[in-house]
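The next block holds one structure in the form of structure tokens; read it before the comments.
Just so you know, these numbers use all the heavy atoms, side chains as well, and skip hydrogens, waters and symmetry mates. Letters A, B, ... mirror the listed sequences (proteins, then strands); counts begin at 1.
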Amino acid sequence: MTQDDLAALIALLHVKTIGPARVRWLTEHQPPATAVESLRAGRVPPDVGPAPRGVNQEMIWDWAKALRAIDGHSRLEDHQNQGVEVMFRGHRHWPFHDDPDPPSLIFASGNLALALAGTRVGIVGTRRCTSIGRQTARRLGADLAAKRDGSEQVSIVSGLAAGIDAEAHRGTLAVAGQPIGVVASGLDVPYPKSNSGLWEEVAKVGLLISESPLGVRPERWKFPARNRLIASLSHLVVVVESHASGGALSTADEAANRGITVGAVPGSVTSSSATGTNALLADGCLVIRDANDVLVELGLPLLSRPEAASPTGAKLRSTSAPAAGPPNPESFPAPDRQILEAVLQEPVHLDHLLLSLAASRSEIFAAVQRLTEQGVLAQVGSRLEWKPR
Amino acid sequence: MLAAIASAVVDGIDGRPVTVEVINTKVGAPGFSLVGLPDTTIRESRDRIRAALLSSGLKWPATLPLVVSLAPSGIKKHGAALDLPLAIGVLVASKQLTPEQVKGFGAVGEVGLDGAIRPVPGLVSLAGAVAADQILVPVAGGSEAAIVRPGRARGVTTLKELVDGLRGEGPLPPLIPSPEAVAFTGRVPELADVRGQPIARFALELAAAGGHHLLMVGPPGAGKTMLATRMAALLPPLDAEDALLVARIHSAAGLRDPGAGLSLQPPFRAPHHGASEVALIGGGSRSIRPGEISISHGGVLFLDELGEFPQKVLDALRQPLEQGVVRVSRSHGSKTLPARFQLVAAMNPCPCGEGGASGQCRCSPSARARHSRRVSGPILDRFDLRIEVAPPDSSVLLDSSVEESTAVVGARVAKVRAISAERGFRSNASVPDDRLDQVAPLEGEALELVRKALENGLLTGRGLRRIQRVARTVADLEGHSKPTVDDIRAALLVRVQPSFAGGAAR
């Protein structure tokens with residue numbers, strides 16, 4: 001691909017209303033430079049198929065105006081100056097050769113080799129997740145990404161969104177694993193802002209890629225488009241928590257369309273943030289309880305049991321805690337036991353404990369305080385949650 | 001002939017004595033000259049009085065040069081309360097009544113064109129301020145006057161009847177019997193209607209017993225408003241002094257039912273979040289009127305959707321919350337109004353309302369952040385009690401067992417209030433910082449628990465004082481002489497940091 005064509009493609013990707021399908025329509029039968037040249041003159045490029053739905057002359061004029069304001073060459077230089085690799089079909093590390101809906105360009109920062117190396121597992125889920133979901137995502141990320149002797153390392157692919165995505169990346173980073181972050185906006189436009197620290201870390205130790213050039217803000221439609229790249233990059237996609245609709249389910253759909261196995265973590269039938277994942281399971285997706293369920297499917301060596309329970313290293317664990325996952329309620333006296341049993345199911349309001357337990361108010365309050373001090377419970381407002389370690 | 005009739009005007013919630021002097025100067029052009037800083041309402045009273053005199057079969061002295069002076073002349077006067085004394089003054093000045101016939105009578109009231117005497121706002125304060133042996137008041141608001149001047153207020157129906165009585169041609173308007181104090185009027189919301197929600201009930205009981213400000217955070221339909229409306233009936237009846245003050249405030253705000261006696265019921269006010277700063281705090285361009293915080297003096301101010309109130313209004317609440325009074329300053333003067341109310345507030349955890357239970361919220365992170373900024377830290381800090389309210393389970397709603405009634409809980413509340421009164425405080429919430437360690441000492445296990453909470457950052461220094469007061473109330477309810485470790489625990493669990501405000505520090 002020539003520099004002119006790269007510059008033309010970057011210019012096209014700057015236009016808000018041009019997505020992957022429209023880029024393909026414009027550049028399928030002619031070099032991008034030619035297409036952009038005629039667009040800048042306000043004309044439909046000579047060698048295109050029938051216009052996709054929604055494209056009309058008025059839109060072409062808007063594109064012409066937008067394209068005339070963009071200097072593709074200087075934008076291309078910006079990328080080179082900032083060390084952002086512009087990857088295209090034919091690039092040495094191009095990962096989308098077999099994809100039915102490939103991007104025209106991707107912009108990458110970090111360890112480019114990761115895009116093709118080893119086994120890649122996508123861990124995705126809702127932004128509005130429970131603390132249990134957050135913990136599961138972090139644990140899965142850590143367990144899968146940890147280096148193991150005699151087997152290639154698994155990279156974790158996710159979307160750097162709030163909630164499950166961020167936790168999957170955090171778990172990966174905590175065990176010095178290889179995170180791959182696929183984002184919707186330009187690599188220099190962190191979204192959500194609260195995750196900007198995480199972006200930098202992922203780019204530093206792993207790989208950060210986007211279909212948007214530098215400086216491009218996230219548009220709504222870019223997130224589902226981003227999800228297809230997550231699916232395409234993964235050998236297996238795990239949905240940790242999802243509501244009845246949401247981006248994680250679109251990732252699962254994209255994976256299924258590409259013949260990639262989709263797994264889901266089962267959740268409580270009363271929890272709205274498990275509705276989507278439980279529906280996936282009802283449809284026959286793989287049940288994911290822990291890292292080993294993923295490793296079995298991928299044909300990789302399993303983690304030994306104690307390791308599977310706490311492979312996350314000292315970083316994730318409080319030093320005093322015994323090496324265990326969820327605490328065993330049986331080892332606690334009443335009413336601590338009943339409280340713990342309830343909280344392990346889902347977060348509970350103090351009201352629920354006061355109404356359902358036979359113990360007095362002071363006894364229940366005392367038990368709550370004991371469990372909080374032991375680091376098993378977290379108080380969130382008037383609610384109690386199992387405290388993720 | 002000089003006529004001097006004692007009357008009064010309202011200033012804030014106070015009555016200011018005013019003497020209405022009318023004289024026929026006998027020289028100069030005929031007319032009606034009014035001096036002494038009257039406002040428009042008083043200027044217009046000439047026309048009302050003329051019409052009233054004529055329709056009552058009396059004469060309007062059109063040919064006399066009348067001068068009317070409102071003394072003291074230095075203070076601004078407003079309101080229609082001076083109509084009646086003006087009418088009497090004109091009758092004396094025009095020799096339709098003699099000074100002897102009106103001697104010893106003060107008067108307040110608005111005069112209708114047909115000669116009917118109508119009630120005016122602030123009669124309680126007005127009646128107290130009129131410097132006369134007996135006062136003539138509108139019969140419709142007579143009971144208000146009789147609260148402060150028992151056996152001295154005569155209820156006037158019409159001007160004609162009054163003039164006949166004064167001339168001795170008929171009976172004098174009747175003395176109004178002093179009204180009885182009424183503890184509760186109307187239907188009281190019953191606490192037994194609240195199903196389940198033990199934490200909220202507990203917090204409500206503590207709030208009533210200790211006079212603590214209460215914040216309830218919860219999704220729509222969790223019953224926050226229902227709980228709040230149960231609050232006023234849990235409070236003990238007002239004492240005589242407060243009841244009179246409340247009557248004066250409500251009378252000045254024009255809120256009292258004509259004919260109602262002295263109410264001992266603590267007020268419950270629930271202004272909408274669209275209310276202006278002046279409506280809530282008090283003020284006004286012509287005269288300073290009491291706002292909602294003064295109207296709820298001695299009772300409960302319920303602010304539903306706390307986050308929707310303008311920031312300015314919430315910040316203006318801080319001084320009254322601390323001091324129990326509000327100082328309203330305007331170009332024409334400043335007034336200190338009583339505002340010792342108990343604040344009960346409710347708000348949603350986030351804009352969609354579902355944020356309490358994690359994973360249910362549909363709000364964007366930025367919307368949540370904006371929501372949490374709406375109620376500032378200093379305001380959150382003023383609440384001794386902060387709880388999250390969850391909607392009760394269906395099983396609880398359908399359960400037929402009987403919950404504790406207002407009467408049962410109210411009795412416990414009264415007991416705790418009596419204990420605080422014995423210690424010399426109005427309520428546990430009003431114990432000053434320097435007396436707190438004496439009233440609510442922390443010892444042994446309780447001290448240990450507090451120390452741990454402070455070390456772990458679960459409690460701040462300011463929070464400690466609040467926790468101590470609440471623990472004192474818990475201990476009083478439980479019959480403990482000092483707060484025990486159980487009482488401290490309970491206090492910690494009913495003063496949570498709302499989940500929207502992040503962190504666990506209290």
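From Thr372(A), atom OG1 reaches atom CZ of Arg489(B) across 10.5 Å, with rounding to the nearest 0.5 Å. Remark: Ile488(B) CD1 to Phe365(A) CZ distance equals 13.5 Å, nearest 0.5 Å. The CD atom of Gln197(B) sits 12.0 Å away from atom CG of Leu354(A), with the distance rounded to the nearest 0.5 Å. Rounding to the nearest 0.5 Å gives a distance of 9.5 Å between CG of Asp486(B) and CD of Gln369(A).
Counted within 6.0 Å of CD on Glu445(B), heavy atoms from surrounding residues, nucleotides or ligands total 12 or fewer; the atom is thus considered open. Surrounding CD of Glu448(B) are more than 12 heavy atoms belonging to other residues, nucleotides or ligands, all under 6.0 Å away. The number of heavy-atom neighbours closer than 6.0 Å to NZ of Lys415(B), taken from other residues, nucleotides and ligands shown, is above 12.
Of the two parts of Val485(B), neither the backbone nor the side chain holds a non-hydrogen atom closer than 4.5 Å to a non-hydrogen atom of chain A. Of the two parts of Glu363(A), neither the backbone nor the side chain holds a non-hydrogen atom closer than 4.5 Å to a non-hydrogen atom of chain B.
Proximity of a side-chain donor or acceptor of His349(A) to a complementary backbone N or O of Glu388(B) within less than 3.5 Å is detected.
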Is there a side-chain contact (heavy atoms from CB on, under 4.5 Å) between Gln379(A) and Leu493(B)? Walk through the geometry before answering. CA-CA 9 Å; Gln379(A) 289 175 34; Leu493(B) 281 173; 3.6 Å; yes
Evaluate the criterion side-chain contact (heavy atoms from CB on, under 4.5 Å) for residue pair Glu478(B) and Arg361(A); output intermediate values, then yes/no. CA-CA 12 Å; Glu478(B) 301 282 342; Arg361(A) 185 170 66 212; 3.0 Å; yes
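Nearest heavy atom pair, residue Ser382(A) against residue Val496(B), reads OG-CG2, 3.8 Å.
Residues Pro392(B) and Asp351(A) have side chains not in contact (no heavy-atom distance under 4.5 Å, counting atoms from C-beta outward).
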